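To start, the structure itself, in structure tokens.
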Amino acid sequence: MTTDKGSTAGAGDRPVRVRYAPSPTGYLHIGGARTALFNWLFARRFGGSFVLRIEDTDVSRGKEGSVEGMTRGFKWLGLDWDEGPEKGGPYGPYFQSQRGHLYKEAALQLVESGTAYYCYCTVEELAERREAARREGRPPRYDGRCRHLSLEEQRRLEAEGRQPAIRLVVPDEGATAYEDIIRGPVSFENSTIDDLVLVRSDGMPTYNFACVVDDHNMAISHVIRADEHISNTPKQLRIYQALGWEPPRFAHVPMILAPDRSKMSKRHGATSVEEYRDLGFLPEAVVNYLAFLGWTPEGESEFLNVEQMFPQFALEDVNRGAAIYDLAKMQWVNAHYLRSMDVREITRRAVPFYIKEGLLAEAPDGEAFDWLVKVVAAMRERVKTLAELPPATSYFFADQFDYEEKAWQKYFAGDRRDQTVKVLTQARDLLASIDDFTIENTEAGYRKLVEDLGISGGDLFHPTRVALSGRTVGPGLFDVITLLGRRRCVERLDRAIRKAGAV
RNA sequence: GACUCCAUGGUCUAGAGGCCUAGGACACCACUCUUUCAAGGUGGUAACACGGGUUCGAAUCCCGUUGGAGUCACCA
């Protein structure tokens, strides 16, 4: 594949450097994960760098251990970052709270060049004016009243004890436009853009300002981020221009919406990748599903790993419309990985779920692990998540279980009771007599018994399953029989026969 | 409300003016395989939001309408 349309967006003249820049909320949002994934794929595609930067300029948002929650999500998904927390890198530090001098420097440059100015309006005054504008039906813009303050006026306001913020001068005329890699030309009238605050009165930079300063200083070549940032782009472009810096290329990927078409939130269910992990999803499946939300590679395959994805990843192929999160489809993808990946690996990953369910006290090893592998192998293609495995196979771990009411009634009570007891008694004797307890031998014995008794297979197979597992569904009967072993099969058959007789 | 983005079945999407009687996948339904349930196989229901242009020809291009979403802070 050499006719890559991605090259137009990728090659460029500078090395590809992209970044995912979350605020430290304590977890990796599923939508953020997809944005990060697209960044990651893009970086790999062009041999560039994927940078992780923490946007923690708003201390009130910071949470204890929030960065760890973030990085844990990335590690679980298998998305490694080239620079950022834990790793460092040539453009560090990677926390905005530690880059204060860079913002200060840039802000000063702007004030000196006259493209930014001190604004002494207080937050309260601003809020009041906004409210008034709203009442009168005017757009709630900043009126620019501090734009042309004389030195004396500034002194006077400072004497009142006012701490100034720094605002950018945004021209009233003209438009600010850019070429979005995914959407094409996007344009905003300058008259709709505020004289935005760059530096707050407490000295901390605002998001748009810090973002521009960092992207520039970190030599970011492409900003790939969610749709919701489109309206921030013209503001940032104004800042780039005021600073005399060349802006990066922008690509705005569509958002992922909840089934009710609104922004995904807690009330829609799981939103963080770790929740999906706890729900029993495999990271391979989550990544696969996420990548296909809004992007379609060449070919018909629905299953691709990241190594197969990145060589053909192109931002131009990303859809423009928002996508709705479809849990059913993700479960289907998960089920696919569950039954096609290495069984021992799947088993290893299932162990924590067995422990959590109380079926295992600790991670098994040796023969115990080998046996677990067989249990998982027998059941894995009948479930969609790791979390379903323990409850679906609990009877392999506990001898005391209840029989499904309907199934019991059907075979062990009423008309069929006597026949079931008779058949199972023979089955019990048969199993007890088999020395080499293999699938082949037990099945052969069962087939012969069916023939000898002149009954239908179901008359023997179904009640046996109920007696052994209490259920009507599960792995192949002879998988169940051999996994349980002769002793437990005989005991369970006896128990069911006894219970049927006691009625 | 203003601004911006978006618009193919319920969902994810293919589709770059004739290859489209609109293809694939999930979900759903039926059949099949079968000791159960899955998985697999086969088949089925189901979409170009609407209205104008442009063109010999439009899902594809343009305009409008409608609908949806996002943003409008000294939050990020």
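Chain naming here is simple, since letters A, B, ... match the order of the sequence lines and numbering starts at 1 in each. Small disclaimer: the values here were computed from a predicted structure and weren't measured. The figures that follow rest on heavy atoms only: side chains count, while hydrogens, waters and symmetry mates do not.
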If you only use heavy atoms from C-beta on, which nucleotide in [options] is closest to the side chain of [X]?
{"X": "A/R382", "options": "B/C26, B/C37, B/A76", "answer": "B/C37"}
{"X": "A/R320", "options": "B/C26, B/A7, B/G40", "answer": "B/A7"}
{"X": "A/R465", "options": "B/U36, B/C12, B/A76", "answer": "B/U36"}
{"X": "A/V473", "options": "B/A76, B/A39, B/U36", "answer": "B/U36"}
{"X": "A/F188", "options": "B/C74, B/A76, B/C3", "answer": "B/C3"}
{"X": "A/F478", "options": "B/U35, B/A76, B/U13", "answer": "B/U35"}
{"X": "A/S201", "options": "B/C74, B/C5, B/A14", "answer": "B/C74"}
{"X": "A/E381", "options": "B/A39, B/A14, B/A25", "answer": "B/A39"}

Length of the [atom1]-[atom2] vector between [X] and [N], whole Å:
{"X": "A/R34", "N": "B/U13", "atom1": "CZ", "atom2": "C1'", "result": "13 Å"}
{"X": "A/E316", "N": "B/A16", "atom1": "CD", "atom2": "P", "result": "17 Å"}
{"X": "A/Y403", "N": "B/U36", "atom1": "OH", "atom2": "C1'", "result": "17 Å"}
{"X": "A/W295", "N": "B/A25", "atom1": "CH2", "atom2": "P", "result": "19 Å"}
{"X": "A/Q331", "N": "B/C12", "atom1": "CD", "atom2": "P", "result": "17 Å"}
{"X": "A/D479", "N": "B/A39", "atom1": "CG", "atom2": "C1'", "result": "14 Å"}
{"X": "A/R339", "N": "B/C37", "atom1": "CZ", "atom2": "P", "result": "17 Å"}
{"X": "A/Y118", "N": "B/C74", "atom1": "OH", "atom2": "P", "result": "18 Å"}

Please measure how far the [atom1] atom in [N] lies from the corresponding atom in [M], and state the result in whole Å.
{"N": "B/G68", "M": "B/A46", "atom1": "P", "value": "26 Å"}
{"N": "B/U13", "M": "B/A30", "atom1": "P", "value": "29 Å"}
{"N": "B/G64", "M": "B/U54", "atom1": "C1'", "value": "15 Å"}
{"N": "B/C63", "M": "B/U71", "atom1": "C1'", "value": "26 Å"}
{"N": "B/U45", "M": "B/G23", "atom1": "P", "value": "11 Å"}
{"N": "B/A22", "M": "B/A27", "atom1": "P", "value": "24 Å"}
{"N": "B/G67", "M": "B/C50", "atom1": "P", "value": "15 Å"}
{"N": "B/C62", "M": "B/G44", "atom1": "P", "value": "36 Å"}

Counting any heavy atom closer than 4.0 Å, what does [X] reach on the DNA or RNA strands: base, sugar-phosphate only, or nothing?
{"X": "A/C119", "answer": "nothing"}
{"X": "A/P234", "answer": "nothing"}
{"X": "A/T206", "answer": "sugar-phosphate"}
{"X": "A/L460", "answer": "nothing"}
{"X": "A/G294", "answer": "sugar-phosphate"}
{"X": "A/G474", "answer": "base"}

Exercise. What class does the angle between the rings of A/F250 and A/H252 fall in, given that below 30° is parallel, 30 to 60° is tilted and above 60° is perpendicular?
Worked result: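 The arrangement is parallel - the two ring planes meet at less than 30°.
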For this session: Quick one: sort the A/Y403 and A/W408 rings into parallel, tilted or perpendicular, breaks at 30° and 60°.
Result: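 Tilted, since the angle between the ring planes falls between 30° and 60°.
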Let's test this: given Watson-Crick or G-U wobble pairing with both distances under 3.5 Å, identify the partner of [N].
{"N": "B/C37", "result": "none"}
{"N": "B/U55", "result": "none"}
{"N": "B/A16", "result": "none"}
{"N": "B/A47", "result": "none"}
{"N": "B/A25", "result": "B/U11"}
{"N": "B/G67", "result": "B/C6"}
{"N": "B/C75", "result": "none"}

Problem set entry | Lys/Arg-Asp/Glu bridge criterion (N-O < 4.0 Å) met for A/K263, A/D227 |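 A salt bridge is absent here (no side-chain N lies under 4.0 Å from a carboxylate O).
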Between [X] and [N], does any side-chain N or O lie under 4.0 Å from OP1 or OP2?
{"X": "A/R200", "N": "B/C75", "answer": "yes"}
{"X": "A/S456", "N": "B/U35", "answer": "no"}
{"X": "A/N319", "N": "B/A14", "answer": "yes"}
{"X": "A/R138", "N": "B/A2", "answer": "no"}

Taking the side chain as everything from C-beta on, heavy atoms only, tell me whether [X] gets closer than 4.5 Å to [Y].
{"X": "A/D459", "Y": "A/V423", "value": "no"}
{"X": "A/R267", "Y": "A/S262", "value": "yes"}
{"X": "A/T442", "Y": "A/T482", "value": "yes"}

Problem set entry | Sole candidate of A/Y337, A/F303, A/Y289, A/F281 that passes ring-ring contact (aromatic ring centres under 6.0 Å, His included) when paired with A/W332 |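 Result for ring-ring contact (aromatic ring centres under 6.0 Å, His included) with A/W332: A/F303.
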Exercise. Hey, does the side chain of A/T192 reach the backbone of A/F188 with a donor-acceptor pair shorter than 3.5 angstrom?
Worked result: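 It does not hold such a pair.
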For this session: Show your working on side chain to side chain contact (heavy atoms under 4.5 Å, CB included) between A/H462 and A/T472 and close with a plain yes or no.
Result: CA-CA 7 Å; A/H462 295 320; A/T472 55; over 6 Å; no
For this session: Could you walk me through whether A/H216 and A/C211 pass the side chain to side chain contact (heavy atoms under 4.5 Å, CB included) test, one step at a time?
Result: CA-CA 8 Å; A/H216 176 260; A/C211 187; over 6 Å; no
Problem set entry | Ring-face cation contact, A/Y142 with A/R167, 6.0 Å cut, 45° max |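 Pair A/R167/A/Y142 counts as cation-pi.
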Please list, pair by pair, any protein nitrogen or oxygen found under 3.5 Å from a nitrogen or oxygen in nucleotides 68-73 of chain B.
unit_1 : atom_1 : unit_2 : atom_2 : d
B/G70  : OP1    : A/K263 : N      : 3.2
B/U71  : OP1    : A/E228 : OE1    : 3.4
B/U71  : OP1    : A/K263 : NZ     : 2.9
B/U71  : O4'    : A/S231 : OG     : 3.4
B/U71  : O2'    : A/S231 : OG     : 3.0

Exercise. Start at the 5' end of RNA chain B and walk down; is the nucleotide closest to A/E302 or to A/A21 reached first?
Worked result: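 The answer here is A/E302.
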Exercise. On RNA chain B, nearest-nucleotide positions of A/I230 versus A/D326: which is more 5'?
Worked result: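 Here A/I230 is the residue nearer the 5' end.
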